[in-house]
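Below is one structure; the comments refer to it alone.
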Amino acid sequence: MDQGGYRLELPEDGYEWRKYGQKFIKNIGKMRSYFKCQRSSCSAKKRAEWSTSEPNNLKVVYKGVHNHALPASESGSSQLGTSNANQYDLLTQVFGDRSTAH
DNA sequence: CGGGTTTGACCGGCGC
DNA sequence: GCGCCGGTCAAACCCG
């Protein structure tokens, strides 16, 4: 499980993922989880990265593209897949300090 | 019973 | 050429 006793809150993007690995990257001093899309021929992968001391600072990196429709549509969470181009090869989303300004 | 999840080990690539 | 790091796969276990 995740260390620290904190429950990492992975942002639901509407896709199904299966965790296939977890490693601590000392290079950046952060933990990294590896997720793969569970669809037919979808080679899309997701990478979750967060600091061990601050699990609230979550960074999600989407690698690859989905060649299938979303298995589930989110009900007002993110605007991903709307007018957003779903043919990106790499997407990086950073979560955490949304109250940086205020 | 199946699927999903977790941990460890292994391999490949790159740097020096 | 070797060492190190990152990434992936496999096995076992647990829960529904």
Side-chain angles (χ1 to χ4, degrees):
Chain A
M1 278 287 198
D2 310 317
Q3 51 67 249
Y6 279 95
R7 205 69 192 175
L8 295 174
E9 198 178 301
L10 298 176
E12 182 53 81
D13 48 22
Y15 282 103
E16 291 181 12
W17 305 93
R18 169 214 195 211
K19 186 189 286 188
Y20 69 91
Q22 186 180 61
K23 262 277 224 12
F24 182 80
I25 313 300
K26 45 180 83 165
N27 243 32
I28 55 184
K30 285 155 86 161
M31 197 75 94
R32 229 177 212 173
S33 287
Y34 302 94
F35 293 90
K36 210 187 328 203
C37 193
Q38 278 266 127
R39 279 293 157 238
S40 330
S41 317
C42 197
S43 52
K45 285 186 233 152
K46 186 161 88 174
R47 197 174 316 163
E49 179 181 306
W50 68 91
S51 357
T52 45
S53 309
E54 192 88 47
N56 294 356
N57 292 47
L58 228 211
K59 183 208 281 189
V60 181
V61 181
Y62 293 88
K63 218 199 162 130
V65 303
H66 297 276
N67 18 249
H68 63 89
L70 275 74
S73 304
E74 273 291 296
S75 317
S77 193
S78 305
Q79 42 279 124
L80 293 170
T82 315
S83 50
N84 209 338
N86 30 289
Q87 291 296 282
Y88 281 119
D89 192 44
L90 187 87
L91 275 170
T92 311
Q93 286 261 165
V94 184
F95 302 85
D97 53 290
R98 65 259 299 231
S99 52
T100 327
H102 296 91

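All values below were derived from every heavy atom in this structure, side-chain atoms included, with hydrogens, water molecules and symmetry-related copies excluded. Just so we're on the same page: letters track the sequence lines, and every chain starts at 1.
- Ile28(A) places a side-chain heavy atom less than 4.5 Å from the side chain of Glu49(A).
- Summary of the strand contacts: Lys26(A) and Lys36(A) both lie near DNA chain C, and taking for each the nucleotide with the nearest heavy atom, the more 5' one is attributed to Lys26(A).
- One finds a side-chain N or O of Lys45(A) lying less than 4.0 angstrom from the OP1 or OP2 phosphate oxygen of dT8(C).
- With contacts defined as side-chain heavy-atom distances shorter than 4.5 Å, the pair Lys19(A)/Trp17(A) does not qualify.
- Residues Lys30(A) and Ile25(A) fail the side-chain proximity criterion, which asks for heavy atoms closer than 4.5 Å.
- Contact between the side-chain N/O atoms of Tyr20(A) and the OP1/OP2 oxygens of dT8(C) is found at a separation under 4.0 Å.
- The side chain of Gln22(A) approaches dT7(B) more closely than any other nucleotide in the set dT7(B), dT8(C), dC9(C).
- Residues that satisfy the ring pair (Phe, Tyr, Trp, His ring centres under 6.0 Å) test with Tyr20(A), not counting sequence neighbours, are Tyr34(A).
- When the P atom of dT5(B) is taken as reference, atom OH of Tyr34(A) falls 17 Å away, rounded to whole Å.
- Phosphate proximity of dT7(B) to Lys19(A): absent, as no side-chain N or O sits under 4.0 Å from OP1 or OP2.
- The 5' end of DNA chain C is approached more closely, in terms of each residue's nearest nucleotide, by Phe24(A) than by the other of Phe24(A) and Arg18(A).
- Between the CD atom of Glu49(A) and the P atom of dG6(C) there is a distance of 10 Å, given to the nearest Å.
- Nucleotide dC4(C) holds its C1' atom 12 Å from the CD1 atom of Ile25(A), rounded to whole Å.
- Of the candidates dC9(C), dG4(B), dC5(C), dC5(C) carries the atom nearest the Asn27(A) side chain, counting heavy atoms from C-beta on.
- When distances run from any side-chain atom of Gln38(A) to the nucleotides dG4(B), dT7(B), dT8(C), the shortest one goes to dG4(B).
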